[in-house]
Structure formats: structure tokens, C-alpha cells
Amino acid sequence: MMYNFFFHFYHFVSFCTALNRSPKQRDMVQAKTWILTHHFEGFPKDSNFELKLETLPEPKDGEVLLEALFLSVDPYIRAFSRLRMNEGEVMIGTQVAKVIQSNNPAFPLGCHVVGRCGWRTHTVSDGTGLTHLLPDWPQDVSKSQALGAIGMPGLTALYGLEEVLGLKTGETLLVNAAAGAVGSIVGQIAKLKGCRVVGSTGSDAKVAFLKELGFDEAFNYKTVSSLEEALKNASPDGYDCFFENVGGPFSSVAITHMKEYGRIAVCGSISLYNDTTPQTGPYPHISMILKQLKMEGFLVGRWEHKKPESLRRLITWKREGKLQCREHVTEGFENMPAAFMGMLHGENIGKAIIKV
């Protein structure tokens with residue numbers, strides 16, 4: 001009997017103590033995170049990633065608690081992994097998240113933001129680097145597109161064409177990795193500007209997709225007998241502009257097909273990211289000199305001051321049916337490494353997205 005008394009008294013005290021705890025003590029949020037276990041050597045492997053749980057502190061004054069809805073995997077993550085990550089840190093990346101607790105009036109409860117929070121389901125943030133979704137975001141457009149056509153990839157396409165290449169009506173544009181998140185938007189914007197567009201991609205299904213988007217010519221670089229011939233047949237007179245996403249041998253061949261005073265925007269070099277031994281030559285300098293070509297690398301952040309206006313232009317085109325925004329959606333946060341490696345293998349058509 002005495003045992004029963006102490007047993008019930010103990011649980012009564014424990015219950016009262018729990019009631020007196022603050023909400024943060026009663027409901028501590030645990031974030032799932034993907035950690036970089038060790039830097040990539042060659043193509044990423046499952047062993048490069050580890051899923052961990054992290055207990056988050058209660059948001060302080062000026063802070064918010066975010067819950068991820070959609071996460072992005074992009075080629076730059078592989079390219080910048082050694083520059084921006086240490087082993088044992090959370091994988092870098094961008095997400096669309098909902099504010100589920102707020103002590104910051106700039107980000108009220110229930111609003112949606114885009115942030116570079118990395119591969120994690122929940123984040124405590126002081127608001128630095130968070131961007132509100134456009135207040136008039138259409139109800140019939142998935143918020144995931146803030147990571148694609150109406151986000152960084154779309155802005156990359158727009159700035160590469162307008163700010164770097166200065167694309168003009170009537171010109172011929174070549175874009176490689178043309179069915180990806182950036183390339184597919186590049187081609188569509190170029191068509192809106194009255195240009196002829198040639199796209200290179202890595203499967204027959206992707207070639208068909210580019211035709212749906214209105215590309216004038218498209219080819220599968222993996223199955224053509226000669227890249228030289230494929231580029232020549234697609235545009236016998238050459239190319240005024242080249243939106244470069246791939247690098248390596250493709251770039252060396254494409255440069256020889258540029259017109260005089262042609263312009264090249266270097267956005268990416270995905271064919272090189274997983275090399276353990278750096279590729280060498282051939283070097284196209286003679287072609288560049290004789291044709292007086294201009295080649296310029298760029299990062300989207302250079303035009304941060306134009307971001308609000310540019311996002312509105314992109315979403316207007318979307319509303320008007322002038323911009324198709326294909327997504328390759330993977331369900332489940334646990335599948336992020338597989339989605340990342342699949343994207344690097346070229347499995348996606350359009351933007352690769354993870355839905356939590």
C-alpha cells in the first residue's frame with residue numbers, strides 16, 4: 001500500500017512539473033539533418049551522408065522557427081562543397097519553409113520564405129538571408145517553384161541572357177544541359193525574345209521535352225555520331241550566343257562554331273564537378289582570338305538589387321502561360337542524397353525538388 005502511495009505521488013509531482021514547464025520545454029523541436037561525413041572524392045556516395053537529429057533551442061527575440069516544405073538539390077552544391085562546407089556540417093542548400101513560431105515581426109506566423117537553411121527539416125533563424133515569397137503568389141502555382149523557374153534557376157537564366165550575353169532579337173542561341181532547371185528556362189526566355197534556340201541534352205525523352213518548349217532544334221549529345229556535325233547541322237551559320245552549363249569537351253567543340261564577335265555566358269561546368277583528375281585540352285584560344293569572342297563567367301548574386309522586379313517578370317510569364325516549369329519531385333526528406341546523386345546523373349527533367 002505504501003508502495004502505491006509513493007508510486008502515485010511520484011507521477012502526480014511529475015505531471016505538475018510538466019505543466020509548469022514552458023512550451024519550449026514541453027515541445028522541443030527536433031530537426032532532421034543531413035550531414036557531410038567526409039568530402040566527396042569523385043562522384044558522391046551514400047557514405048558521404050549521415051542522417052542526424054538535432055534538438056533546436058526556443059527562438060529568441062528576433063528569431064523564427066521554420067519548417068521546411070520543399071528543398072532543392074542543385075549542381076552548385078557539388079561544385080562548392082569543399083569551399084563552403086567542412087566535414088561534419090549540414091549540407092548546404094535552399095528550401096521553401098513555413099514560419100511555425102515567430103518572435104520577429106518581419107516574418108509573422110504562417111508566412112512562407114525561401115532561405116539557405118541547408119538540408120534540414122527545421123531551422124531557427126534570425127531572419128538573415130530569408131526572402132518572403134511574393135505576396136501575390138498564385139494559388140495554382142506550387143510554392144516549390146520558388147526554388148526553380150520563379151527562383152534562383154530562373155533568375156540565373158534571365159541574367160545570363162540579358163546581363164551577360166545581351167541577347168538580341170533574331171540571334172541564334174546554343175544552350176547545353178538544356179532540359180535542366182536553368183537550361184529549360186534559358187531556352188524559353190530566348191524564344192520570348194524572338195531568337196532561334198538550339199538545345200543539347202542527354203536523352204531522347206529530354207529532346208522531346210525541349211521540342212514541347214518550342215526549341216527550334218534539339219539533339220541527344222550521347223547518341224549523335226559526331227558533336228561537331230550535330231552542332232553544324234543544327235545551325236549551319238553558327239551561333240551568336242552560347243549559354244554554357246557543361247564545360248569540358250562540349251565547350252571546346254562549341255566554341256569553334258561561334259560566329260564572329262559571339263558571346264559566351266559560363267554558368268556551370270557539370271561535366272567537371274566529379275573528376276578526380278582535372279581534364280586537359282584541347283584549348284580553344286585560337287578560335288576565340290580569330291573570332292574575337294567574349295566569354296564571361298557569372299554568379300546570380302551580382303544582380304541581387306534586381307531580384308524583386310525580376311521575380312515578378314518570371315511569375316508574370318508563368319501566369320500568361322509563356323513559361324513552362326517542369327519539376328522532378330522526390331517525396332521524403334530521407335531521400336535527399338538519392339535525389340542529389342540522381343540530379344548529378346541527369347535523371348531529372350526540369351528542376352529537382354524534394355517534398356518533405
Side-chain angles (χ1 to χ4, degrees), residues 62-64 66 70-72 74-77 79-80 83-84 92-97 99 104-108 111-118 123 125-138 141 143-169 171 173 175 180-195 241-245 263-269 294-320 322-323 325 351:
E63 292 184 334
V64 296
L66 305 174
F70 302 98
L71 298 102
S72 178
D74 301 278
Y76 80 83
I77 296 173
F80 291 168
L83 299 175
R84 297 188 179 177
I92 58 175
T94 308
Q95 60 178 245
V96 171
V99 175
N104 186 331
F107 299 97
C111 74
H112 293 87
V113 297
V114 178
R116 297 192 192 108
C117 303
T123 306
S125 170
D126 64 1
T128 302
L130 299 184
T131 303
H132 283 279
L133 260 65
L134 293 174
D136 53 348
W137 190 274
V141 175
K143 293 178 176 63
S144 60
Q145 293 192 10
L147 300 173
I150 320 298
M152 181 273 288
L155 294 173
T156 300
L158 185 65
Y159 298 148
L161 290 174
E162 294 187 346
E163 305 294 337
V164 180
L165 292 176
L167 188 67
K168 301 179 183 66
T169 300
E171 292 189 317
L173 170 77
V175 53
V182 174
S184 60
I185 305 302
V186 167
Q188 293 181 79
I189 294 176
K191 290 304 297 179
L192 290 175
K193 291 178 175 292
C195 295
C241 293
F242 173 24
F243 198 107
E244 163 71 299
N245 292 306
R263 294 97 68 200
I264 303 166
V266 183
C267 174
S269 56
K294 177 183 177 182
M295 177 183 273
E296 181 179 346
F298 71 99
L299 295 171
V300 67
R302 193 195 309 181
W303 299 280
E304 188 70 19
H305 61 288
K306 290 191 170 188
K307 186 174 181 179
E309 165 208 346
S310 300
L311 288 175
R312 291 195 177 281
R313 291 175 64 196
L314 291 167
I315 207 162
T316 297
W317 285 330
K318 170 65 180 174
R319 281 181 179 140
E320 294 172 349
K322 297 176 180 177
L323 203 59
C325 310
K351 181 72 188 76

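Taking 4.0 Å as the cut-off between side-chain N and carboxylate O, Lys306 and Glu163 count as a salt-bridged pair.
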Step-by-step side-chain contact (heavy atoms from CB on, under 4.5 Å) determination, Lys307 to Thr131
CA-CA 10 Å; Lys307 186 174 181 179; Thr131 303; 3.7 Å; yes
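Here the straight-line distance linking atom CG of Leu323 with atom CD of Gln145 works out to 8.5 Å at 0.5 Å rounding. Of the inter-residue distances, the one linking Glu63 atom CD with Ser125 atom OG reads 7.5 Å to the nearest 0.5 angstrom. Atom CG of Leu130 and atom SG of Cys117 lie 6.0 Å apart (nearest 0.5 Å). In this structure, CG in Leu165 is found 7.0 Å from CZ in Phe243, a value given to the nearest 0.5 Å. With values rounded to the nearest 0.5 angstrom, Ile150 atom CD1 is found 9.5 Å from Arg319 atom CZ. The CD1 atom of Ile315 sits 5.0 Å away from atom CG of Leu134, with the distance rounded to the nearest 0.5 Å.
Side-chain contact check for Arg263 versus Val164: every heavy-atom pair is 4.5 Å or farther apart. Taking 4.5 Å as the limit, some side-chain heavy atom of Trp137 sits within range of a side-chain heavy atom of Lys143. Residues Thr156 and Val186 have side chains not in contact (no heavy-atom distance under 4.5 Å, counting atoms from C-beta outward). Looking only at side-chain heavy atoms (C-beta outward), Leu167 and Glu162 stay at 4.5 Å or farther from each other. Counting heavy atoms from C-beta outward, Cys267 and Phe298 have side chains that approach closer than 4.5 Å. The side-chain heavy atoms of Ile189 and Leu158, taken from C-beta on, include a pair separated by under 4.5 Å. Side-chain contact between Arg312 and Glu309 is absent, with no heavy atoms from C-beta onward closer than 4.5 Å. Residues Arg313 and Thr316 are not in side-chain contact: their nearest non-hydrogen atoms beyond the backbone lie 4.5 Å or more apart.
What you find for Leu133 and Val113 is that their closest heavy atoms are CD1-C, 4.0 Å. The two residues Ala149 and Cys325 make their nearest non-hydrogen contact at CB-SG, 3.3 Å. When all heavy atoms of Glu171 and Lys168 are compared, the closest pair comes out as OE1-N, 2.9 Å. Here the closest heavy-atom approach between residue Leu161 and residue Ala190 is recorded as CD1-N, 4.0 Å. Closest heavy-atom contact between Leu155 and Ser310: CD2-CB, 3.4 Å. Residues Ala265 and Gly160 share a closest heavy-atom pair of CB-O, 4.1 Å.
At least one donor-acceptor pair under 3.5 Å links the side chain of Lys191 to the backbone N or O of Cys195. Between the side chain of Asp74 and the main chain of Tyr76, no donor-acceptor pair closer than 3.5 Å is present. Checked by atom type and distance alone, the side chain of His132 never pairs as donor or acceptor with a backbone atom of Phe107 at under 3.5 Å. Judged by distance alone, with hydrogens and angles left aside, the side-chain atoms of Thr94 form no donor-acceptor pair with the main-chain N or O of Gly115 at under 3.5 Å. Remark: side-chain polar atoms of Gln188 are paired, donor with acceptor, to backbone N or O of Ser184 under 3.5 angstrom.
Residues Ser72 and Lys351 bring a donor and an acceptor atom of their side chains to less than 3.5 Å of each other.
Other residues, nucleotides and ligands contribute at most 12 non-hydrogen atoms within 6.0 Å of the CG atom of Leu299.
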